[in-house]
Amino acid sequence: MEKNLIILPSKPWPPLLIPSHSSTQLEWHGSTRALANSNSVSMTQRSHPKLVDTQLNQLCANGSLSEAVAILDSLAQQGSKVRPITFMNLLQACIDKDCILVGRELHTRIGLVRKVNPFVETKLVSMYAKCGHLDEARKVFDEMRERNLFTWSAMIGACSRDLKWEEVVELFYDMMQHGVLPDDFLLPKVLKACGKFRDIETGRLIHSLVIRGGMCSSLHVNNSILAVYAKCGEMSCAEKIFRRMDERNCVSWNVIITGYCQRGEIEQAQKYFDAMQEEGMEPGLVTWNILIASYSQLGHCDIAMDLMRKMESFGITPDVYTWTSMISGFTQKGRINEAFDLLRDMLIVGVEPNSITIASAASACASVKSLSMGSEIHSIAVKTSMVDDILIGNSLIDMYAKGGDLEAAQSIFDVMLERDVYSWNSIIGGYCQAGFCGKAHELFMKMQESDSPPNVVTWNVMITGFMQNGDEDEALNLFLRIEKDGKIKPNVASWNSLISGFLQNRQKDKALQIFRQMQFSNMAPNLVTVLTILPACTNLVAAKKVKEIHCCATRRNLVSELSVSNTFIDSYAKSGNIMYSRKVFDGLSPKDIISWNSLLSGYVLHGCSESALDLFDQMRKDGLHPSRVTLTSIISAYSHAEMVDEGKHAFSNISEEYQIRLDLEHYSAMVYLLGRSGKLAKALEFIQNMPVEPNSSVWAALLTACRIHKNFGMAIFAGEHMLELDPENIITQHLLSQAYSVCGKSWEAQKMTKLEKEKFVKMPVGQSWIEMNNMVHTFVVGDDQSIPYLDKIHSWLKRVGENVKAHISDNGLRIEEEEKENIGSVHSEKLAFAFGLIDFHHTPQILRIVKNLRMCRDCHDTAKYISLAYGCEIYLSDSNCLHHFKDGHCSCRDYW
DNA sequence: GGAACTACGT
């Protein structure tokens, strides 16, 4: 009995430190007065300690904590002893009333005690932790001389509540080293940290201790061990443990189901869900929620919805988790109206939304930029008094910012009670998005002085913002400062933002350079990197880069993502490797409509109309539903094969069969089909009977037909329409002016030339790029200085030119994008042909060339001749078409 | 001292 008593010091204790404006619920002044007048002190003077405790407990229950402390002080002045239980009760009261100030007062007094009871100190640790002062809790903990399991549990529990998973595991090891063994209440906490922190090693260690050490084997502990394996994705281990468990409850099943859901293996999850019922274990609310959330997350909203109805028929009422999962699932699918209906239904049936529900709904509004629905959410948040919740505040800022109402976003930001890094990032992102980089930067500076300094996302948002503003230097500068000024490491998204920024600003080479540096810095590219950088390589002179990136993506297992593989199908085709497209396609299982369409349009691009039509047959045999894109490709394939009737059939019948809504793409493909076969009048009639206004690509299809079939009058008609829709288009102006001259309309021709001159715009200079020996060489018309072996090239071209002339029969009048060649200035692609063919002891098998303008007839003839005479293939993509020259023929069949 | 499984945002 005696050792449980604390001998209070005889010297007086320091005065209470609580300021009068304290935010605690205590009425400090009032209590002091009450103390002076009441007989409570005298009552305690000679009372038995237990009576004092009863009295103190009562004061604590009333919230009069400071009065209780005052009594302690008066006891101290009398030299009385305070029992540890008294301190513990008082500390517990501080926890209950969340009163850190009185807690600190008690700490001061406990500190004066000569030999403190470890249970009292443990309670102190808990008090600080539960009042939200983990650092002070840790300080008390670290200074303790004697720590028992209770103490360790309090500290570990505190870290666990504060989501400090790493610290939980560290403390656990520390505890074991101090020779303190855990019990079956502590282990689940540590195991939870292992799961969160993906620390499978500690999980395994505890698992082996439990098995071999025979300690703490309870259902709770076993479930927790199971959960570590499941969270770390070790499903085969988890299954093994699950099968060996002698006792299982609903949670055990939930853990396994969650494990499979997290891996996206919903079929397996569903299997366990069915199996548990077969074994007589009823799925609980949580079980349903796990499955519903998973289906919903994976985009199967309708299945999730069915499950929600089914769970009700099982007598289980959906709770806030169920509703929230559904709302966010519909949101992510872009089915915003359904998300909204669900929210309304939820309110009608009386399930209270929480901050996560509201935040999900707000992000639904953000994604469709709907301010009207957004303000409805805002008012729900106000009505349910959740508007001060930081999560909701942040999502409202985001919603208003994305919706374009920066004032509203700013005003929410301004009145927020607390702000975190999301709040700052949302508002900064809003300003960046709207192009107010200056304002964003201002906030960025303020943020650095705030409680939540910029994180890597902030830096990335700023980089993207400057990039969008065209300020590449500042963006790059920010990137370089992340590590030094931001004291954080750039992540893969930082690199991605640079790459996509440069690409947006049409700086392909810089983007590729950054991509290379990224690999050099050992930063692993992710899916976004690959999908971003690939378009920069989808041209003939970057064919090798596509292969390189494909290798890199395969190594990182990014190709298992269908969107990535589909993009490779497309990129290989566009970079002139249709065989590789086919290989990727054949290796895919499953394929989706995009896989099929990508290969299909690849075949069309390469002029492989037969392959395209075969593929289409295969697609239909496989039961796939052609989409709008499919139909466009098919009409183009028929067009290329000059199968006009089949093309018409596809246009009207296939579109009807599959209920494909016809759009302008289909109409211009039809004009192309008719025009290509020379049915110019039919093509014009088709345009005039279109149910929608023709756009410039419809007219362009007609203009191309007129150029090839030399109908200059109709070319003028088409060109004028194009110019009406796109008056600034310099190439159209140029073609039109040529057509006027050919038709003798000199006045119009002069007008066009004048127009060109007035606007100080010139036709772009013809340029070609050729890839040789991993180098891309550029040839520009009229820039002879930079051309290697100029004399050799010119004499080579002269010789070839004579041979070409002997081969061609058609030398009539044409309208072309590039001025006719004169002596001394040769079209850039010809220079490229020459450069590619004379610089080698052996003729290269394939030349890959990119040209900025549309090839002229003469260069086209030259390429055909070279492919025959030199036995090489030439891939050349001009501004309009991919030409593949082989054996004297071109894949475009001389129509481009 | 007091445990395992579920929904969310830049």
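Side-chain atoms are counted along with the backbone in the values below, which use heavy atoms only and exclude waters and symmetry mates. By convention in this document, chain letters (A, B, ...) are assigned in the order of the sequence lines, proteins followed by strands, and residues within each chain are numbered from 1.
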Is there, by distance only and without an angle test, a donor paired with an acceptor across the side chain of [X] and the base of [N] below 3.5 Å?
| X | N | value |
| --- | --- | --- |
| A:Asp420 | B:dG9 | yes |
| A:Asp184 | B:dA3 | no |
| A:Asn222 | B:dA4 | no |

Counting only side-chain N and O atoms of [X], is one of them less than 4.0 Å from OP1 or OP2 of [N]?
| X | N | value |
| --- | --- | --- |
| A:Lys123 | B:dG1 | yes |
| A:Lys192 | B:dA4 | yes |
| A:Lys231 | B:dC5 | yes |
| A:Gln297 | B:dC8 | yes |

Do any N or O atoms from the side chain of A:Ser426 and from the backbone of A:Tyr422 form a donor-acceptor pair under 3.5 angstrom?
->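 Yes, the answer is positive, given that a donor and an acceptor are paired below the 3.5 Å cut-off.
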
Any side-chain donor-acceptor pair under 3.5 Å between A:Asn526 and A:Asn496?
->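 Yes - a donor-acceptor pair under 3.5 Å links their side chains.
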
For A:Tyr321 and B:dT6, do the ring centres fall under 5.5 Å apart while the planes stay under 30° apart?
->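 Here the ring of A:Tyr321 and the base of B:dT6 are stacked, with centres under 5.5 Å and planes under 30°.
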
Is there aromatic stacking of A:Tyr422 against B:dG9, centre distance under 5.5 Å, plane angle under 30°?
->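 A:Tyr422 ring centre within cut-off of B:dG9 base, planes near parallel; stacks.
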
Tell me whether the centres of the aromatic rings in A:Trp152 and A:Phe141 are closer together than 6.0 Å.
->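 Yes: the rings meet the under 6.0 Å criterion.
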
